[in-house]
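For reference, the structure is listed below as structure tokens.
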Amino acid sequence: MRIAQISTLSAPVRQETGGSIESLIWLMTRELSKLGHEVTVFGAAGSEAAGEVVVTSPGPYAQEGALEDWHLCEWNNLCQAIAQADRFDVLHSHAYLWGIPLQPLSSAPLVHTTHIVPDDDSARLWAAAPEACVTALSHAQWSAFPHLRPSAVIPHGVDPTGFTWREVPGDYLLYLGRFVSGKGPLLAIETARRLGLRLVLAGPANPYFREKIQPLVDGKNVEYAGFVTGPERDRLLGGARALIYPIRYPEAFGLVLVEAMLCGTPVAALRLGAVPEIVAEGVSGFTAATPGEFAATIPKCFALDRRRVRQHAVEHFSAEKMARAYAACYEQIAGRK
């Protein structure tokens, strides 16, 4: 098939990049190409892909001469892709659901994926075009809108070869992610202290980190490893006794959970959003219903078989499995089946 991947423009599409969606599209493009499909990526300058790259912006939002308004960046990218729709059998837009109003103007069918928990406006946009092909990252993602049924539920995939299984971990718990209140970094620190366990924090520093988190970092019981990528991220994930994921609001998916599991590191998480669909209870981790119950899940993780943790992740969340599921969706909408 001839497939267009319409990326978001927060970063170039690359294996190692500043945007999680752009990194995922790089991986998806590689895997779809391996399956024999011709893939074209629409994205920002500096993008790399296994197939063709069509540059629609000189850089990410407000960089390198790109438009200042990020909404305009995304809209321009979408419109340029739709203008070339006759080149493709199907186009996959990752720019929220903003491509839905453009469907009547496209000469090829569109698949739409939003990578966040949808709001009321997203639901209204889809409801106005109920025939739209919208895929979900988890069953939980659209659960607030039961009248809207995704065409397919396809979890994010990860390349297992990019993460090293480690049988014997280090002596620390790991919090890896953005420093915002909804991710629960304060609960992570409070819980580690309560259990008397060493905690390593990793993620990009921001005002919330400097104001709320940094004063609690003592370099001994609570350490800050900075923003980690590549081999350093792999090393940190594999060395943790458990990844702790004390989110305070539901998320559409949690990619870091899969990355930890691929290293053999079990997950202790609050049971919100997609978490129960990712963490196999008693196999790859444990979940808690409330913050008060969260601490009890962590020691139980230490007894899990780290080989089985990785095996669960490989079986359920590989990049190849993700690509095959999307290919089946594309073939169906393009009338190949």
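Please read all numbers here as calculations on a predicted model, not as lab measurements.
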Tell me whether N77 contacts the main-chain N or O of T56 through its side chain, where contact means a donor paired with an acceptor under 3.5 Å. no
Donor-acceptor pair, R87 side chain versus T40 backbone, under 3.5 Å? no
Close aromatic pair by centroid cut-off 6.0 Å: W126 and W98: no
With a 3.5 Å distance limit and no angle check, can you tell me whether Y224 reaches the backbone of G203 through a side-chain donor-acceptor pair? yes
Aromatic ring proximity Y175/Y245, centre distance under 6.0 Å: no
Any chance you could lay out the side chain to side chain donor-acceptor pair (under 3.5 Å) test for H92 and Y326, step after step, and finish with the verdict? CA-CA 10 Å; H92 188 171; Y326 275 118; 4.8 Å; no
Would a line drawn from the ring center of H156 to the ring center of F317 be shorter than 6.0 Å? no
Salt bridge R198-E223, side-chain N to carboxylate O under 4.0 Å: yes
side-chain contact (heavy atoms from CB on, under 4.5 Å) involving D69 - partner list, sequence neighbours excluded: H71, L72
Tell me whether R194 is salt-bridged to E190, with the criterion being a basic N under 4.0 Å from an acidic carboxylate O. no
Can you list everything that forms a side-chain contact (heavy atoms from CB on, under 4.5 Å) with E315? Sequence neighbours excluded, please. Q311
Side chains of S47 and R14, donor plus acceptor under 3.5 Å: no
Would you please name every residue forming a side-chain contact (heavy atoms from CB on, under 4.5 Å) with R233, sequence neighbours left out? L176, V228, L237, V256, E259
